[in-house]
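Starting from 1, each residue takes its place in the sequence as its number. Since this is a predicted model, take the numbers as computed values, not measurements.
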Amino acid sequence: MDLRAGRMSRASLPNKVIVKAPATTANLGPGFDVFGMSLEHPSDKVTITPISKDIKIEVSGLAADSIPTDPEKNTAGVVAKHILHEFKIRTGLMIKLEKGIPHSLGLGSSAASAAAVAFGLNRLFELKLDPKELIQLAAKGEIASAGFEHADNVSAAICGDFVIIKSYKPLEVVHLKSPQNLDISIAIPSIPNKPKKTEEARSILPKTVSMEKLVYNIGHAATMATGFALSDVNLIGKSMSDAVVEPARAFMIPGYQEVRKRALEAGACGVCISGAGPAILAVVNSNNTDASEVARVMERGFESAGVNADTYCTRPGKGVFLLQEE
Ligand code: HSE
């Protein structure tokens with residue numbers, strides 16, 4: 001094994017790492033590919049062990065049968081392969097993904113696997129990578145699921161809380177804490193899962209944007225960032241509106257407008273499509289509104305459109321972390 005010059009020898013490194021990576025939401029309305037937020041629940045557990053050769057992936061947990069185990073097609077495998085190549089680490093890896101995050105729903109399932117592997121290999125091989133480098137490596141995995149290295153979900157999965165991708169080239173990420181009284185209600189409609197859902201949801205986006213819509217989105221995105229900086233949940237929620245991406249995608253989620261309307265009537269501060277959907281996310285001020293009541297009306301909103309939905313409540317959470325090493 002040819003670790004980078006100056007790195008520790010294999011004998012002093014762990015033989016196995018187990019990490020936990022959170023679900024994330026992206027866009028939050030006006031911040032397409034720019035805003036991300038980690039969620040306290042659910043999360044994935046990922047175990048990485050060096051083996052003699054090849055990258056082997058085992059998947060268990062939610063919808064495990066529909067997640068590819070071919071390292072070329074799995075975000076975890078893509079990231080692992082890239083890191084081994086980049087750092088000239090000559091070993092194989094066994095990666096066990098225990099999926100708690102359902103995939104293809106807009107909750108950053110692929111980003112969690114990617115972030116977990118970047119973080120885990122950094123630990124396993126003492127690569128001394130900083131969060132920005134981890135984000136860059138983890139974003140490579142998004143090509144496997146979205147066809148593009150969008151870094152919003154992986155940044156949130158690595159940093160935790162709220163992130164802003166200020167620039168992609170060069171990558172610059174701003175990280176802000178979330179308000180204590182920010183609760184989140186999520187509704188996940190039971191609609192058929194498409195294999196390349198995010199790629200498709202990106203392919204239908206407009207290629208050009210009018211000046212009017214640009215001004216609208218800049219105003220809302222700037223105000224949302226200010227809401228996080230001021231810990232003002234109402235300001236965050238009021239800014240949760242998008243003139244560009246959501247109008248193009250809403251048709252993919254039957255009942256979206258009704259769910260949004262009912263959640264706002266029940267006291268949610270703002271509602272958006274979570275990432276590329278179809279999960280819908282509502283921001284709730286826990287000082288005056290019960291997130292579980294908002295979740296209930298969101299479920300009924302979907303029912304009114306003839307769609308069953310699962311709902312749950314959570315909060316912004318921390319980034320990927322080490323559970324155990326041996
Ligand atoms: N920003 C990405 C998109 C997030 O909306 O396509 C995908 O989870």
Participant: Checking Asn153 against Thr24: is there a side-chain donor and acceptor pair closer than 3.5 Å?
Facilitator: yes
Participant: Could you work out, with side chain to side chain contact (heavy atoms under 4.5 Å, CB included) as the rule, every residue matching Pro247, not counting sequence neighbours?
Facilitator: Asp242
Participant: Kindly indicate, with the supporting measurements, whether the criterion salt bridge (charged side-chain N to carboxylate O under 4.0 Å, His left out) is fulfilled by Glu325 and Lys16.
Facilitator: CA-CA 6 Å; Glu325 66 184 10; Lys16 171 162 126 180; over 6 Å; no
Participant: Hey, can you pull the donor-acceptor pairs under 3.5 Å for the side chains in residues 57-67, sequence neighbours left out?
Facilitator:
| unit_1 | atom_1 | unit_2 | atom_2 | d |
| --- | --- | --- | --- | --- |
| Ser66 | OG | Ala63 | O | 2.8 |
| Ser66 | OG | His103 | NE2 | 2.8 |

Participant: Without swapping roles, check the side chain of Glu133 against the backbone of Asp130 for a donor-acceptor pair under 3.5 Å.
Facilitator: yes
Participant: Apart from Val233 itself, what residues make up its hydrophobic cluster, given side-chain heavy atom links below 4.5 Å?
Facilitator: Leu28, Val34, Phe35, Met37, Leu39, Ile101, Leu105, Leu107, Phe162, Ile164, Val174, Leu176, Leu182, Ile184, Ile186, Ile188, Met224, Phe228, Ile236, Met240, Leu281, Val283, Tyr312
Participant: Is a side-chain N or O of Asn308 found less than 3.5 angstrom from the main chain of Ser190, in a donor-acceptor match?
Facilitator: no
Participant: Under the salt bridge (charged side-chain N to carboxylate O under 4.0 Å, His left out) rule, collect the residues that match up with Arg249, sequence neighbours excluded.
Facilitator: none
Participant: Ignoring hydrogens, what is the shortest heavy-atom contact between Tyr168 and Glu149? Give both atom names and the distance.
Facilitator: CE2-O, 3.6 Å
Participant: Under the 3.5 angstrom rule, does the side chain of Ser185 hit a backbone N or O of Ala291 as a donor-acceptor pair?
Facilitator: yes
Participant: Residues sharing Leu323's hydrophobic cluster, by side-chain heavy-atom contacts under 4.5 Å among ILVMFWY, directly or via others?
Facilitator: Ile18, Phe321
Participant: Does any pair with a residue in residues 95-119 pass salt bridge (charged side-chain N to carboxylate O under 4.0 Å, His left out), and if so which ones, sequence neighbours excluded?
Facilitator: Asp44-Lys99
Participant: Could you note down all residue pairs passing salt bridge (charged side-chain N to carboxylate O under 4.0 Å, His left out) where residues 301-321 supplies at least one of them, sequence neighbours left out?
Facilitator: Asp183-Arg315
Participant: Answer yes if the side chains of Thr25 and Ser274 hold a donor-acceptor pair under 3.5 Å, and no otherwise.
Facilitator: yes
Participant: For the side chain of Thr289 and the backbone of Ser286, is there at least one donor-acceptor N/O pair under 3.5 Å apart?
Facilitator: no
Participant: Connecting only ILVMFWY residues whose side-chain heavy atoms lie within less than 4.5 Å of each other, what is the rest of Ile143's hydrophobic cluster?
Facilitator: none
Participant: Does anything in residues 154-176 pair up under salt bridge (charged side-chain N to carboxylate O under 4.0 Å, His left out), and if so which pairs, sequence neighbours excluded?
Facilitator: Asp161-Lys177, Lys166-Glu172
Participant: Enumerate, atom names and distances included, each donor-acceptor pair closer than 3.5 Å involving a side-chain atom of residues 261-270, sequence neighbours excluded.
Facilitator:
| unit_1 | atom_1 | unit_2 | atom_2 | d |
| --- | --- | --- | --- | --- |
| Arg262 | NE | Glu258 | OE2 | 2.7 |
| Arg262 | NH2 | Glu258 | OE2 | 3.2 |

Participant: Can you name the salt bridge (charged side-chain N to carboxylate O under 4.0 Å, His left out) partners of Lys196, sequence neighbours left out?
Facilitator: Glu199
Participant: Please check if the number of heavy atoms outside Lys197 that lie under 6.0 Å from its NZ is greater than 12.
Facilitator: yes
Participant: Sort and list the pairs that fulfil salt bridge (charged side-chain N to carboxylate O under 4.0 Å, His left out) and have at least one residue in residues 209-233, not counting sequence neighbours.
Facilitator: none
Participant: Would Val259 end up clustered with Val297 when hydrophobic side chains under 4.5 Å apart are linked, directly or stepwise?
Facilitator: no
Participant: Look at the side chain of His220 and the backbone N and O of Ser239, then say whether any donor-acceptor pair between them is shorter than 3.5 Å.
Facilitator: no
Participant: If we ignore hydrogens and angles and just use 3.5 Å, is the side chain of Asn181 paired with the main-chain N or O of Asn285 as donor and acceptor?
Facilitator: no
